[in-house]
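Whatever order the structure lists ligands and atoms in, that order sets their numbers, starting from 1. Just so it is clear, the structure is predicted and the values come from calculations on it, not from any experiment.
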Amino acid sequence: MKTVVMGAGSWGTAVAKVFVEAGTDTRIWARRPELAETINRDHVNPDYLPDIELPAELHAVSEPSEALDGAELVVAGVPSQSLRSNLTRWREHIPSDATVISLAKGVESDTLLRMSEVIADAAGIDPDRIGVLSGPNLAREVAAGQPAATVIGFGDEERARRVQDACTTGYFRPYTNTDVVGCEIGGAAKNVIALACGIASGAGLGENTLAAIITRGLAETTRLGIALGARPETLAGLAGVGDLVATCSSPLSRNRSFGARLGEGCSLDEAQAATNGQVAEGVKSCTSVRALAIKAGVEMPLTDAVHQVCHEGLSVGDAISSLLGRSTRAE
Ligand SMILES: NC(=O)c1ccc[n+]([C@@H]2O[C@H](COP(=O)([O-])OP(=O)(O)OC[C@H]3O[C@@H](n4cnc5c(N)ncnc54)[C@H](O)[C@@H]3O)[C@@H](O)[C@H]2O)c1
Ligand SMILES: O=P(O)(O)OC[C@H](O)CO
């Protein structure tokens with residue numbers, strides 16, 4: 001399955017390495033020609049994964065037309081809020097029978113569309129050909145060859161199996177799942193809950209608090225998923241609880257680290273400045289996931305609190321008081 005990964009950030013680069021090591025003919029598109037040259041010459045991505053040696057077979061290009069030429073599988077590896085604008089540029093070069101998967105974990109701000117819906121809308125691709133790759137996959141750990149599992153979500157199971165074959169290695173184990181909605185909601189919502197965990201941890205709170213946030217975060221994510229047609233088992237699997245636990249627990253998570261800075265008292269701008277250009281998707285997705293929940297008539301108190309802390313000036317102390325001040329109820 002001739003594959004191109006469109007985006008040479010941390011995760012795009014790690015995923016391209018996995019596909020090559022699974023024996024798949026793989027290219028990677030980098031926005032900047034100098035990064036493509038460095039990957040080809042030095043077999044390293046110095047900006048995102050500086051200490052990881054990339055396979056010599058991985059060829060990088062910086063022209064979308066060249067990258068997409070003849071691709072049977074297109075892996076979209078750019079952040080969620082830039083996916084539409086990138087697709088608009090790639091659209092005319094995507095082969096008409098190619099399968100497309102999204103790596104991005106988010107909900108589009110203006111439209112409240114999931115990433116697979118953005119691909120269908122912006123590139124005019126039949127939804128049967130669109131899927132996602134989502135799971136507990138911190139890029140640095142996967143790039144280092146540490147054992148990890150993930151989910152390939154497609155409505156069409158046969159297509160999911162072909163992608164699964166193209167990225168199975170001795171350290172990377174993809175499972176298939178036909179519940180694309182569940183995979184996407186799990187991936188988008190966990191970034192928001194990881195922000196909440198970071199905020200709590202930055203404010204000096206301990207493991208009991210974090211366990212409560214993770215567990216109640218899963219409950220509100222599952223409520224939203226079910227309201228949108230997801231299967232609860234998906235949210236109890238790798239793309240749900242698996243990714244939630246990895247992201248909420250790891251110091252490698254950009255979302256958790258961003259939240260920790262807010263919890264320590266940084267402003268949104270100060271926390272943003274400390275990211276070195278890396279994207280913490282939950283900062284924007286807290287607003288779009290919250291809006292999606294309101295539209296679906298679902299209560300998401302943690303997501304609402306994260307949105308208010310990030311964008312409405314609510315203090316961390318007031319957010320905690322307001323969450324604990326809610327009326328008591330059965331679990
Ligand atoms: N990093 C991880 O551990 C990880 C793991 C799983 C999923 N993801 C998801 O994958 C997606 C990509 O994440 P990443 O970690 O590779 O991000 P990143 O910040 O490391 O890199 C983003 C890449 O997209 C490119 N890009 C193209 N257009 C852009 C634009 N308009 N604005 C910004 N960047 C643009 C950048 O040049 C860069 O190559 C995100 O949705 C993220 O949630 C990341
Ligand atoms: O670094 P984060 O917070 O974007 O999380 C990375 C991955 O999504 C973990 O699965």
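Residue-level proximity to ligand 2 for Asn255 is carried by backbone and side chain together, each with a heavy atom below 4.0 angstrom. Using a 4.0 Å cut-off between heavy atoms, Asn86 contacts ligand 1 through its side chain alone, with no backbone atom that close. At a heavy-atom cutoff of 4.0 Å, ligand 1 is contacted by the backbone of Leu138 but not by its side chain. Contacts between Lys105 and ligand 1 below 4.0 angstrom, taking non-hydrogen atoms only, involve backbone and side chain alike.
Using modelled atom types, one finds no donor on one side chain facing an acceptor on the other under 3.5 Å when comparing Arg114 with Ser102. In this model, no donor atom of one side chain and acceptor atom of the other lie less than 3.5 Å apart for Thr38 and Asp42. Side chains of Ser80 and Glu281: a donor on one and an acceptor on the other come within 3.5 Å.
Near Thr247, the atoms of ligand 2 lying under 4.0 angstrom from a non-hydrogen atom of the residue are 3 (O), 5 (O), 9 (C), 10 (O). When each atom of ligand 1 is checked for a heavy atom of Gly9 under 4.0 Å away, the hits are 16 (O), 20 (O), 21 (O), 23 (C), 38 (C), 39 (O). Atoms of ligand 1 found under 4.0 Å from any heavy atom of Ala8 (numbered from 1 in listed order, with element): 39 (O). The distance from ligand 2 to the heavy atoms of Ser253 drops below 4.0 Å at these ligand atoms: 1 (O), 2 (P), 3 (O). Taking a cut-off of under 4.0 Å to the non-hydrogen atoms of Val279, the atoms of ligand 1 that pass are 19 (O). Counting the atoms of ligand 2 from 1 in the order shown, those under 4.0 Å from a heavy atom of Asn137 are 7 (C), 9 (C), 10 (O). For ligand 1, the atoms lying closer than 4.0 Å to a non-hydrogen atom of Ala104 are 11 (C), 41 (O). Those atoms of ligand 2 that come under 4.0 Å of a heavy atom in Lys105, given as number and element, are 7 (C), 8 (O), 9 (C), 10 (O).
Tyr175 is not connected to Leu235 by any chain of hydrophobic side-chain contacts under 4.5 Å among Ile, Leu, Val, Met, Phe, Trp and Tyr, and they are in different clusters. If you chain together hydrophobic residues whose side chains sit under 4.5 Å apart, Leu302 and Val245 fall into the same group.
Among Arg254, Met6, Arg84, the residue whose heavy atom sits closest to atom 42 (C) of ligand 1 is Arg254. Residue nearest to atom 7 (C) of ligand 2, selected from Lys190, Arg254, Arg140: Lys190 (by heavy-atom distance). Nearest to atom 9 (C) of ligand 2 by heavy-atom distance, out of Leu238, Asp243, Leu195, is Asp243.
At under 3.5 Å, not a single nitrogen or oxygen of Trp29, backbone or side chain, sits near a nitrogen or oxygen of ligand 1. In terms of polar-atom proximity, Val78 is not counted as a contact of ligand 1, lacking any N or O under 3.5 Å from an N or O of the ligand. In terms of N/O distances under 3.5 Å, ligand 2 is not approached by Pro136. For ligand 1, the polar-atom distance check against Ala139 finds a nitrogen or oxygen pair separated by under 3.5 Å. For ligand 1, the polar-atom distance check against Arg31 finds a nitrogen or oxygen pair separated by under 3.5 Å. Between Arg256 and ligand 2, no N or O atom pair is found at a separation short of 3.5 Å.
Gly12 counts as a contact of ligand 1, since one of its heavy atoms falls under 4.0 Å from the ligand. In this structure, Gly135 counts as a contact residue of ligand 2, since one of its heavy atoms falls inside 4.0 Å of the ligand.
Glu57 places no side-chain N or O within donor-acceptor distance of the main-chain N or O of Val20, the cut-off being under 3.5 Å.
Counting heavy atoms from C-beta on, the side chains of Ile185 and Leu228 come closer than 4.5 Å.
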